[in-house]
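Input: a single structure, listed below in structure tokens.
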Amino acid sequence: MLQIHVIREDKQKVIETLKKKNFDAESIVERILDVDVKRRSTQKQLDDTLAESKSKAREIGELFKSGQQDKANQLREETAKYKVLTKELQDKLTQLESEQESLLVLLPNLPHESVPPGKTPEDNEVVGQEGDIPELEGEVSAHWDLCSKYDIIDFELGTKIAGAGFPVYKGKGAKLQRALISFFLDEAIKEGYTEYQVPLMVNEASAYATGQLPDKDGQMYHMTIDNLYMIPTAEVPVTNLFRDTILQESQLPIKSTAYSACFRREAGSYGKDVRGLNRLHQFDKVEIVQVTKADKSYETLEEMRSYVTGLLRKLELPFRVLRLCGGDVSFASALTYDMEVFSAAQKRWLEVSSVSNFETFQSNRMKLRYKDKEGKTVLAHTLNGSALALPRILAALLENNQHEGGIRIPEVLIPYTGFDNIS
RNA sequence: GGAGAGAUGGCCGAGUGGUCGAAGGCGCACGCCUGGAAAGUGUGUAUACCUCACAAGGGUAUCGAGGGUUCGAAUCCCUCUCUCUCCGCCA
């Protein structure tokens, strides 16, 4: 959520900047400012009325104490009007506040100046590419065929017990999955992140704080009985660890990591995008989250980007890095890098990580602040990234490393898997 | 799930209708003291919004959350949430 003072100070800049996200903010901004004026004047009236009524109440107290009952009772009659007026103003203020809030949450985060213009994924800017695209010889299979050939993932079984998009990992497939999780966590810890295990369901307030609500309501599984949401990413519980807190500047940056299963309804997805491991309702992911000082977040973003690409390098996967264009950056993000690996049998790039700087967009909503050197309380910046999402990594590993005798396991994973080939 | 107790500032803890944003202590910050430190001592130490120059100053709100009674509520009433104790159930 944008801070109201940013809009108040330079609405034109907000409107212009949001055009890059192909978002026409003009009418919303005008309404916000209109409500803002009303809100402030109402608050002033209410405050003044309360101040008056308070001082009268004090007077009455004094009069009773000094035994001047008559005068006190007389004054008491005069105070009746405050009650009505206060109630009226209070209701109006509450209404205006919620109106302003509901308008503010409609505005996406301002894109960073380096975000390229554009509308579709084709307009994303490739800012790096590394590794050789493998030239596979002989019979080449897509990962879903490899999965059944080597009996490591059973999609049909998952469909039977839950539904499409809930695969069952088996034998070496399950072990490989576990190996990847351990590898990613160990790497993150080496990099200075603190490991967390967090709830897989969150309450409304948490989903709201990181921006899943109200905008992405339909994307989450909702347990209506207890009003809990299945997390679509560990970002939600991990970032919320710091909701409503005021940190000391010396505590920053805070680097957290967590492995979690992630749950997404993916309503409306179809076709080859959802085949095999490409898009699932439940998948595993290791997430990294940082809370930084306001002036350090872009430095941190680059650091996270190179950390993630380092992982891909260690896994020997060919990858490229995209700087997302205005039309493709998410609602809450100011700048996002996507990492994609090349999947040799499908012959396509698969997104395996998304690293974003939210600046104060999340921290404003969740009141995550720190005291700077002058003792002033300021909003912290939050960032997060996948490091990494498992299914597509697995898909690329299977497809790229297939050979006549099975599937080769990359060096770095062998200590974790205990085997170097799946056959 | 049943019965009971409770929720006050960074922490502990007073406060049962009147000037309480809240005693006292601890912690923390700065100063004095000291060769240095400890002890001692003095001062300060919440958040949000409004006014305003995001200054100073001023106003309002906040004692788990929401509502009510009252001229006036941390204090009384109602609802909800959470915590603790006992019982039940249980990975």
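Lettering of chains follows the sequences in order, A, B, ..., and the numbering in each one begins at 1.
- Of the residues near RNA chain B, A/L75 and A/R58, the one whose nearest nucleotide (by heavy atom distance) lies more toward the 5' end is A/R58.
- A gap of 13 Å separates the P atoms of B/G25 and B/G44, to the nearest Å.
- When the P atom is compared between B/A3 and B/U62, the two are found 33 Å apart, to the nearest whole Å.
- Rounded to whole Å, atom P of B/G72 lies 14 Å from atom CD of A/E52.
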Show which side-chain atoms of residues 297-304 of chain A pair as donor or acceptor with protein atoms under 3.5 Å away, not counting sequence neighbours.
unit_1, atom_1, unit_2, atom_2, d
A/S297, OG, A/N357, ND2, 3.0
A/S297, OG, A/H381, ND1, 2.8
A/Y298, OH, A/E359, OE2, 2.3
A/T300, OG1, A/K296, O, 3.0
A/E302, OE1, A/R305, NH1, 3.2
A/E302, OE2, A/Y337, OH, 2.7
A/E303, OE2, A/Q290, NE2, 3.2

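- Separation of the P atoms belonging to B/A73 and B/A65 is 16 Å when rounded to the nearest angstrom.
- Not a single donor-acceptor contact under 3.5 angstrom links the side-chain atoms of A/Q43 to the base of B/U60.
- Side-chain polar atoms of A/H112 and A/S114 form a donor-acceptor pair below 3.5 angstrom.
- For A/L50 and B/U62, the CG to C1' distance is 13 Å, given to the nearest whole Å.
- Across B/A23 and B/C77, the matching P atoms stand 25 Å from one another, rounded to whole Å.
- The backbone N or O of A/G118 lies less than 3.5 Å from no partner atom in the side chain of A/D123, so there is not a single donor-acceptor pair.
- On the C1' atoms, B/G10 is 9 Å away from B/C28, given to the nearest whole Å.
- The CG atom of A/L63 sits 15 Å away from the P atom of B/C71 (whole-angstrom rounding).
- For the pair A/I246 and A/E62, nearest-nucleotide mapping onto RNA chain B gives the more 5' position to A/E62.
- A/K56 and A/E59 are not joined by a salt bridge, as no carboxylate oxygen comes within less than 4.0 angstrom of a charged side-chain nitrogen.
- Note: CZ (A/R369) to P (B/U47) measures 8 Å, nearest angstrom.
- Side-chain N/O atoms of A/K54 include one lying less than 4.0 angstrom from OP1 or OP2 on B/A61.
- Atom CG in A/L379 sits roughly 13 Å away from atom P in B/U47 (whole-Å rounding).
- Within the 4.0 Å cut-off from OP1 or OP2 of B/U51, at least one side-chain nitrogen or oxygen of A/R40 is found.
- B/A48 atom C1' lies 14 Å from atom CG of A/L46, rounded to whole Å.
- Remark: RNA chain B forms stems of 3 or more consecutive Watson-Crick or G-U wobble pairs, all pair distances under 3.5 Å, at B:1-7 with B:81-87, B:10-12 with B:24-26, B:27-32 with B:40-45, B:46-51 with B:57-62, B:64-68 with B:76-80.
- Set against B/C71, B/G59, B/U70, the side chain of A/K83 has B/U70 as its closest nucleotide.
- Rounded to whole Å, the distance from CG on A/D47 to P on B/G59 is 11 Å.
- We find that CD of A/Q100 is positioned 11 Å from P of B/C49, with the value rounded to whole Å.
- Remark: the separation of the P atoms in B/C32 and B/A37 is 11 Å, to the nearest Å.
- Rounding to the nearest 0.5 Å places CZ of A/R8 at 13.5 Å from CG of A/L2.
- Partners of A/F319 by ring pair (Phe, Tyr, Trp, His ring centres under 6.0 Å), not counting sequence neighbours: none found.
- Under 4.0 angstrom from either OP1 or OP2 of B/C50 there lies at least one side-chain N or O belonging to A/R8.
- Between the side chain of A/H281 and the backbone N or O of A/R264 there is at least one donor-acceptor pair closer than 3.5 Å.
- Here the nucleotide nearest the side chain of A/T377, chosen from B/A48, B/U70, B/C50, is B/A48.
- Separation of the C1' atoms belonging to B/U70 and B/U75 is 13 Å when rounded to the nearest angstrom.
- The side-chain heavy atoms of A/T336 and A/D338, taken from C-beta on, include a pair separated by under 4.5 Å.
- Phosphate contact (OP1/OP2 of B/G10, side-chain N/O of A/K371, threshold under 4.0 Å): absent.
- Phosphate proximity of B/G72 to A/S53: absent, as no side-chain N or O sits under 4.0 Å from OP1 or OP2.
- Across all strands, A/F64 comes closer than 4.0 Å to base atoms (heavy-atom distances).
- By the 4.0 Å N-to-carboxylate-O rule, A/D24 lies too far from A/K19 to be salt-bridged with it.
- For the P atoms, the distance linking B/U79 with B/G27 amounts to 42 Å, nearest Å.
- When heavy atoms are screened at a 4.0 angstrom cut-off, A/K56 is found touching no nucleic acid atom at all.
- Of the candidate nucleotides B/G18, B/C50, B/U60, B/C50 has the atom lying nearest to any side-chain atom of A/R39.
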